[in-house]
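Read the structure below first, then the notes.
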Amino acid sequence: MKNWKKVLLGTVMVLGAGAWAWWQDEPLGPVARAWLEESVATADSKAYYQLLGLDAPAGQHPQEAGRQMVEAHLQWRAQHGPYDLMVSATDGERLELPGKNLCALGDAGCLERLRQDSAGLAALLARHGELLRRYDSLLALDDYRTLAQPSVDEPLANYSSLGRANLLRAAQAMALAEDGRGGEALALLQQDVRHLRGWLARADNLILKMMLVNLLGRDLNAVAALYRAGLVPLPAAESPLSEAERSLGAAMRREFVLVGSGMLTLVDNPQSAGVAQWRLRLMYKPHMTVNDILPGYQRMATNSLLDTSAFVRTLGTPARSQPSFWRRTRNPVGTILGSVAVPDFNNYLARLHDLEAKLTLFNALGQGVPEADNPYRPGERAEWDETLQAYCFSGPLVDKHHLRCLPWTAPAAQ
């Protein structure tokens, strides 16, 4: 064979091998596969059903309503393809929730406004007594686990009903305190905090975890506001958050499965019909994409167990490492999807540390000015916020929910 023919044949073989390698995806990594194949809890969870059915119509048992939601989703799934999404009914009859006139006791001016209308407050509590009873039953349950497989159409609780019930609890405590029963009011809110912290330790999805952080912040604010008004005695100190309360391990697994499952089925999804499959496969490698996003979720799960000072040190590190040039070239669509589909989870981690900062302030109640050290910046003290009528710690990220603040008596004018 002439030399030029050998060179041509060799070139063709090299190009063919390169094209074949370019076309091929890679196997899923063992950890990614294990996370994706992890089975959903098989044991029932009364707490899960109760939360799903918290806003069920008056007279209907919340747990039965929640169970029906799950069964309806399973039946629908069995009769439809994997790319068909069940649309939740939002126009059905639901339990009436308190309106916007019900405020959070820790908000500036809220306590004073509610105290001025004791009759209206009593009527409000009576009108929404069923929601309060459901809330009591919900928090007393200690078997919470999410039973649904992570998916974009899985049954979701109406978290507004949980938030409004928590506001009712604080209003109920205020009514007791106004009636001269400050000890009972404090005990009621402290019990609420204990139950919410138990739920925080068991929560296995990100939305619920962050909701519970907000509710705990409200309860601590309510106690501080009532104490500032002289309506309840000085509360006992709260313990720091435990590893289970801080951990986002289970939540990160669910988030990874939700995103990763969608990425794995993108090529075969009929909604991608506008792009030829051969072209999509050329530019998009599902397994490679999933393997590349996994370390970000693992890192956030690990970082959620760090103390505050160690967490601050991680903030300068990118939440997600950039794939190599070769991987970006072979998988340009996957690289783009990975960069936009995975949010900055540091904001969620910060909210847990902000709650820890609030607990630090809470344990300083009784002091004229809080003398506690800022967990983020040891040696630094909280500063007075005139608008919030609270002392607040500074921190590395924006605190949109004012979790680093606690209502306090205004400092004496200088």
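The chain is numbered in sequence order, starting from 1.
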Between [X] and [Y], is there a side-chain N and carboxylate O pair less than 4.0 Å apart?
{"X": "D292", "Y": "R327", "value": "yes"}
{"X": "D373", "Y": "R381", "value": "yes"}
{"X": "E71", "Y": "R67", "value": "no"}

Taking the side chain as C-beta and beyond, is there a heavy-atom pair between [X] and [Y] under 4.5 Å?
{"X": "R94", "Y": "N158", "value": "no"}
{"X": "L139", "Y": "R194", "value": "no"}
{"X": "L306", "Y": "T314", "value": "yes"}
{"X": "Y391", "Y": "V369", "value": "yes"}
{"X": "L231", "Y": "R115", "value": "yes"}
{"X": "P407", "Y": "Q389", "value": "no"}
{"X": "Y376", "Y": "R404", "value": "yes"}
{"X": "C392", "Y": "E383", "value": "no"}

List the atom of [X], the atom of [Y], and the distance in Å for their closest heavy-atom pair.
{"X": "F256", "Y": "L36", "value": "CE2-CG, 3.9 Å"}
{"X": "L114", "Y": "M174", "value": "CB-SD, 3.8 Å"}
{"X": "N166", "Y": "D219", "value": "ND2-OD1, 3.2 Å"}
{"X": "L359", "Y": "S239", "value": "CD1-O, 3.9 Å"}
{"X": "L248", "Y": "S304", "value": "N-OG, 3.0 Å"}
{"X": "E245", "Y": "L241", "value": "OE1-CA, 3.2 Å"}

Do any N or O atoms from the side chain of [X] and from the backbone of [Y] form a donor-acceptor pair under 3.5 angstrom?
{"X": "R228", "Y": "T409", "value": "no"}
{"X": "H401", "Y": "L403", "value": "no"}
{"X": "R145", "Y": "D44", "value": "yes"}
{"X": "N331", "Y": "K285", "value": "yes"}
{"X": "R246", "Y": "L305", "value": "yes"}
{"X": "D107", "Y": "C110", "value": "no"}
{"X": "R218", "Y": "G163", "value": "yes"}
{"X": "T146", "Y": "A148", "value": "no"}
{"X": "E371", "Y": "A364", "value": "no"}

Side-chain donor-acceptor pair present, [X], [Y], cut-off under 3.5 Å:
{"X": "H73", "Y": "D153", "result": "yes"}
{"X": "Y135", "Y": "D192", "result": "yes"}
{"X": "S151", "Y": "E154", "result": "no"}
{"X": "S394", "Y": "R377", "result": "yes"}
{"X": "N291", "Y": "E26", "result": "yes"}

Atom [atom1] of [X] and atom [atom2] of [Y]: how far apart are they, to the nearest 0.5 Å?
{"X": "K100", "Y": "R164", "atom1": "NZ", "atom2": "CZ", "answer": "9.0 Å"}
{"X": "H402", "Y": "N221", "atom1": "NE2", "atom2": "CG", "answer": "10.0 Å"}
{"X": "L206", "Y": "M210", "atom1": "CG", "atom2": "CE", "answer": "5.5 Å"}
{"X": "D142", "Y": "K46", "atom1": "CG", "atom2": "NZ", "answer": "10.0 Å"}
{"X": "M69", "Y": "L74", "atom1": "CE", "atom2": "CG", "answer": "12.0 Å"}
{"X": "L28", "Y": "M288", "atom1": "CG", "atom2": "CE", "answer": "11.5 Å"}

| query | Pick one: which of D55, N214, L138 meets side chain to side chain contact (heavy atoms under 4.5 Å, CB included) with L162? | reply | L138
| said: Quick check on R113: does its CZ atom have over 12 non-hydrogen neighbours (other residues, nucleotides or ligands) under 6.0 Å away? | reply: yes
| query | Would Q50 and H61 count as a side chain to side chain contact (heavy atoms under 4.5 Å, CB included) if you check the C-alpha gap in whole Å, the side-chain angles of each, and the deciding distance to 0.1 Å? | reply | CA-CA 8 Å; Q50 179 86 8; H61 197 290; 4.3 Å; yes
| request: Tell me, with the steps shown, if L124 and R127 meet side chain to side chain contact (heavy atoms under 4.5 Å, CB included). | output: CA-CA 5 Å; L124 181 72; R127 181 172 183 172; 5.7 Å; no
| task | Taking the six-membered ring for Trp and the full ring for Phe, Tyr or His, determine whether the centres of Y297 and F345 are under 6.0 Å apart. | result | yes
| request: Mind running side chain to side chain contact (heavy atoms under 4.5 Å, CB included) on M300 and N346 for me, showing each step along the way? | output: CA-CA 8 Å; M300 289 301 111; N346 278 324; 3.8 Å; yes
| task | Can you sort out the partners of A47 under side chain to side chain contact (heavy atoms under 4.5 Å, CB included), two or more places apart, ordered by chain and number? | result | S45, L141, D143, Y144, W199
| task | Mind running side chain to side chain contact (heavy atoms under 4.5 Å, CB included) on L132 and Q172 for me, showing each step along the way? | result | CA-CA 9 Å; L132 259 178; Q172 183 185 36; 4.0 Å; yes
